[in-house]
Structure formats: structure tokens, C-alpha cells
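See structure below.
For ligands, and for the atoms within them, numbers begin at 1 and follow the listed sequence.
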Amino acid sequence: MAARLMDGKAIAAEIRQELMVSVAAFLEHGHPRPCLAAVLVGEDAASQVYVRNKQRACEQVGIDSQLHRLPETTTQDELLQTVGNLNRDNGVHGILIQLPLPSQIDETQVLDAVAPLKDVDAFHPTNVGLISQGRPRYLPCTPHGIQQLLHRCEVTTAGRHAVVIGRSDIVGKPMAMLLAARDSTCGPAVANATVSVCHSRTADLTDITRQADLLIAAIGRPKSITADMVKSGAVVVDVGINRTDEGLVGDVDFAAVREVASQITPVPGGVGPLTVAMLLFNTLSAARHQHAHQNGESPRS
Ligand code: GUN
């Protein structure tokens with residue numbers, strides 16, 4: 001029987017609806033409207049679409065957004081200057097540096113320059129360290145979105161074998177940390193997994209993926225997860241967004257794998273919309289943190 005579709009688009013809409021209510025309540029308490037500043041360097045077509053989607057989503061839930069567009073030829077110092085200005089601007093709560101950056105830019109130095117309290121991507125080493133110690137301030141948007149998706153599709157991971165393919169700082173590494181943690185924003189049922197991380201040097205990849213109760217593909221290679229790599233009844237989450245002649249294609253051979261899996265995410269309409277929804281969640285959270293910081297309170301008040 002074909003797998004059930006995990007409808008990321010519908011679940012993201014549900015989360016945005018909840019956020020709209022939370023933002024309205026935040027404003028009613030006399031707090032400033034949360035504001036996200038996106039920095040886009042250069043003309044990358046996909047990045048332009050992503051940033052536009054993020055801005056539109058902000059607007060929908062009542063979050064202000066700013067777009068800082070810089071030319072492809074921007075220097076390291078100019079970009080650091082922009083980040084510094086945004087760090088000092090009390091009207092900006094979240095800063096997002098859209099990746100990838102042009103090759104003349106030292107990405108690590110730029111991401112490290114974002115004030116940790118405004119780091120809504122959760123890329124700053126301080127925020128990554130807090131996650132690794134099980135006391136997160138902000139959660140990285142894609143892994144957090146996947147946890148929300150699993151929770152809302154009634155998938156539990158506690159005691160199960162989760163296999164993450166890909167070890168990127170944005171998805172693979174933080175996803176593995178969140179799944180192996182003792183607890184999550186969705187409770188302990190969507191944590192406490194036994195986690196394997198596979199990558200380009202993994203030997204006998206299929207042997208490992210076939211053991212997965214939950215398979216998360218974040219490789220960046222179209223249709224590279226085939227049906228023979230998936231255990232019958234596994235839950236399959238496809239993080240890939242690959243532009244091909246066929247259009248947008250995931251890392252999973254969707255048509256074949258859906259005949260084996262119990263639940264599967266489509267591409268598009270799976271993980272992508274959740275990443276955006278969790279960015280909005282982090283921006284509201286960042287506004288809370290900064291208000292609390294400025295008033296010497298705890299962030300939840
Ligand atoms: N480029 C691709 N994914 C992301 C993301 O999650 N955050 C940022 N800032 N850039 C990206």
C-alpha cells in the first residue's frame with residue numbers, strides 16, 4: 001500500500017495560524033512588533049525566491065520584515081558592517097543571512113558576527129553549543145520543522161532507529177542532535193532516538209538505511225534514496241530540493257519509495273514550508289528574548 005503523505009504545507013499553515021495568535025497576544029501585552037531582517041548578497045535566483053517566501057510568511061503572521069540587498073561584489077568588511085548595524089538596531093529582533101554567500105566572503109566569520117540573541121537560524125556557535133548541551137535557546141529551522149512534522153503526523157522516535165543522511169551544519173548535524181536528545185519542544189516521544197549519521201564516506205550505506213525506522217535524507221542529490229534502501233513501513237523525510245530538468249526533485253525517489261514506506265514527505269510541499277514556519281517561530285522567540293534581556297526578565301514573561 002502506498003505511504004501516507006506527510007503534508008508539510010498544511011502543517012506549516014497550521015503553525016503559522018498558531019503563530020499569528022501568539023504574535024497578536026505579544027503585541028497586546030505592549031511589546032514591539034517582532035521584526036526579521038534578511039540579508040541577501042548577490043543575485044542567486046533560488047535565494048531570491050526563498051527570501052521572498054520568508055518575507056511573505058512574516059507578513060501573514062504579523063511579523064515585520066526588512067530586506068537588505070547587497071551586490072554580488074560586496075566585500076567582507078561591507079557585509080560585517082551591515083551585520084553590525086543590524087546587531088545594534090533595537091528595532092530588529094532576528095537577523096537572517098541568506099546562504100550561500102559569494103565566494104569572496106568568509107561565511108563562518110559573517111555568521112559568527114550575528115548577535116547570538118538575534119540568530120534566528122541558530123547557526124552561531126553559542127546557540128549550537130546550547131543545543132548540544134540540551135538547553136537550546138533557538139532551534140535550527142529545518143530540524144525543528146521536521147520534529148513538528150513528525151509530532152503532528154503522530155510519529156514517535158523514542159527508542160527507534162533514526163538514520164540521518166548528510167552531516168551539514170544546517171540540517172544533518174543539528175537533526176541528529178535533536179533526535180538523540182532527552183526531550184524536545186514536542187515532548188520526549190519526538191526525541192530519544194538511536195541515531196546514525198551517514199555521509200559521503202559511509203561504507204555499506206544501504207545496510208544502514210535499511211535498518212532505519214525513520215530515514216531523513218539531506219544529501220542534495222536528486223532521487224538518490226531508492227526503494228531497495230528503505231525498510232518496509234519506515235517513515236521517510238526528504239529534505240532535498242534539487243532543481244532538475246524535471247523541475248524540483250527531492251533526494252528520495254518518491255514514486256518508488258512511497259510503495260515501501262508508511263509515511264513520506266513530498267517535494268515540494270514537505271519540509272520546505274516548515275523551515276519557513278519555524279523561522280517565524282524563532283523571530284517571535286527572539287523578540288521575547290530581547291525584551292526580557294532589556295528588562296532583566298526571563299524570556300517567557
Ligand atoms: N540557505 C539554504 N537554507 C538556508 C537556511 O536555512 N538559512 C539560511 N540563512 N540560508 C539558507
### Query
Which is it for T142 and ligand 1 at heavy atoms under 4.0 Å: side chain, backbone, both or neither?
neither

### Message
Looking at R69 and E43, is any side-chain nitrogen of the basic one under 4.0 Å from a carboxylate oxygen of the acidic one?
### Response
yes

#### Entry: R52 with E59: basic N within carboxylate O range, under 4.0 Å
no

### Message
Check contact between D121 and ligand 1, using heavy atoms of the residue and a distance below 4.0 angstrom.
### Response
yes

Starting from [atom], which protein heavy atom do you reach first, and at what distance in Å?
atom	value
atom 1 (N) of ligand 1	L99 O, 3.0 Å
atom 11 (C) of ligand 1	Q98 NE2, 3.5 Å
atom 3 (N) of ligand 1	I170 CD1, 4.4 Å

#### Entry: Polar side chain donor-acceptor pair, H93 to T283, under 3.5 angstrom
no

### Query
For residues T75 and D77, is any side-chain donor paired with an opposing acceptor at under 3.5 Å?
no

### Task
Evaluate the criterion salt bridge (charged side-chain N to carboxylate O under 4.0 Å, His left out) for residue pair D213 and K231; output intermediate values, then yes/no.
CA-CA 7 Å; D213 301 307; K231 177 166 84 173; 2.7 Å; yes

### Message
Is it the case that ligand 1 has an N or O less than 3.5 angstrom from some N or O of I97?
### Response
yes

